[in-house]
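Before any comments, here is the structure.
These numbers come from a predicted model, not from an experiment. The chain is numbered in sequence order, starting from 1.
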Amino acid sequence: MLKRVLAEVVGTFWLVLGGCGTAVLAGQYVGFQGVALAFGLTVVTGAYALGRVSGGHFNPAVTVGLFAAGRTPAGDVVPYIIAQVVGAIIAAAVLYAVASGAPGFELAKGFASNGYAEHSPGGYGLTAAAISEVVLTAVFLVVIVGVTGSSATAPFAPLAIGLALTLIHLISIPVTNTSVNPARSLGPALFVGDWALGQLWLFIVAPLVGGVIGGLIGRFVTEPEASIGAAATPPGAPAE
């Protein structure tokens, strides 16, 4: 368990540092397309590196969704979520230490936080933001459950999952700055405070709801032989 929890800390740290770091430090150079790709690349690299240890969740919505799909034992849910939150906060702290070294840096500019209404990049309201986060997280879980349920597709699972996350960001960065991950939202919000913490509830609730929906759908439509033992099976390798 200790190794698996540490893998989730490191993997979530990498996801938040790589994705949010690209948005904060390089967003003006790479645009939202580059930010979307960065989030996808963190999942691909993190899952290939650490998936064999913990399953490569790096996201409370994924952990809860895989529990709903019968892939994650109940005893793993809370330790994994705590580890993911810790990793996200550490990553946000490192990112703040780097970003604050630039002249003119202001946390008020957002620090890659998620938001709706006046804090949505495109000005989208609460309803649009909620629908986007629930639906896209659900689809993300359907992809994850589908590509990790067969030994034939397992070696390519991290690539499929990373591409799915890239596409999700391409769709929803203008809507909410894309969460689909409560830990990713919490880390930056703790540093921004104010409005980011006030709107954080949506980016905790909506991805978790979407994760459960996607996990249940994935469980229903994918291989019936998928077992709880697949919980520790990394997205990049067949069960041993």
Side-chain angles (χ1 to χ4, degrees), residues 4 8 11-12 15 36 39-40 42-44 46-48 50-78 80-81 84 127-172 175-176 178-184 202-240:
R4 287 189 284 139
E8 287 297 306
T12 311
L15 184 149
F39 273 101
T42 62
V43 168
V44 172
Y48 274 123
L50 301 167
R52 194 172 289 275
V53 180
S54 69
H57 297 191
F58 314 148
N59 180 343
V62 170
T63 297
V64 170
L66 289 178
F67 171 72
R71 300 286 189 86
T72 294
D76 284 359
V77 174
V78 172
Y80 269 40
I81 290 176
Q84 292 152 4
T127 301
I131 293 172
S132 173
E133 291 292 327
V134 170
V135 170
L136 291 176
T137 309
V139 173
F140 191 39
L141 262 295
V142 171
V143 171
I144 292 172
V145 172
V147 300
T148 59
S150 167
S151 60
T153 58
F156 302 99
L159 182 59
I161 294 168
L163 289 173
L165 189 60
T166 300
L167 178 56
I168 285 168
H169 278 77
L170 288 173
I171 294 168
S172 62
V175 183
T176 63
T178 309
S179 172
V180 301
N181 183 337
R184 169 262 182 272
L202 176 66
F203 304 105
I204 294 175
V205 174
L208 291 178
V209 170
V212 171
I213 293 172
L216 292 173
I217 293 173
R219 184 175 191 171
F220 179 75
V221 302
T222 56
E223 297 172 296
E225 69 270 21
S227 67
I228 261 195
T233 301
E240 296 178 353

Could you pull out the closest heavy-atom pair between [X] and [Y], with the gap in Å?
X: T148; Y: A157; answer: CG2-CB, 4.1 Å
X: A61; Y: L141; answer: O-CD2, 3.9 Å
X: L202; Y: P207; answer: O-CD, 3.5 Å
X: P60; Y: N181; answer: CD-OD1, 3.3 Å
X: F156; Y: Y48; answer: CA-OH, 4.0 Å

Measure the shortest side-chain to side-chain distance between [X] and [Y] over non-hydrogen atoms and say whether it is less than 4.5 angstrom.
X: N59; Y: P182; result: yes
X: V147; Y: L159; result: no
X: I217; Y: V145; result: no
X: R184; Y: F203; result: no
X: L208; Y: V212; result: no
X: F140; Y: I161; result: yes
X: F58; Y: T42; result: no

To the nearest 0.5 Å, what is the distance between [atom1] ([X]) and [atom2] ([Y])?
X: D76; Y: I81; atom1: CG; atom2: CD1; result: 11.0 Å
X: T127; Y: I131; atom1: OG1; atom2: CD1; result: 6.0 Å
X: T178; Y: I168; atom1: OG1; atom2: CD1; result: 8.5 Å

Fill in: Sidechain-backbone polar pair: Y80 side chain, S54 backbone, donor-acceptor under 3.5 Å
yes
Worksheet item: Distance-only, no hydrogens or angles: does the S132 side chain make a donor-acceptor pair with backbone N or O of A128 under 3.5 Å?
Response: no
Worksheet item: With F39, which residues qualify under ring pair (Phe, Tyr, Trp, His ring centres under 6.0 Å), at least two apart?
Response: H169
Worksheet item: Which residues satisfy the side chain to side chain donor-acceptor pair (under 3.5 Å) test with T63, sequence neighbours excluded?
Response: H57, Q84
Response to the item:
Taken in chain and number order and not counting sequence neighbours, the residues that satisfy side chain to side chain donor-acceptor pair (under 3.5 Å) with T176 are E133
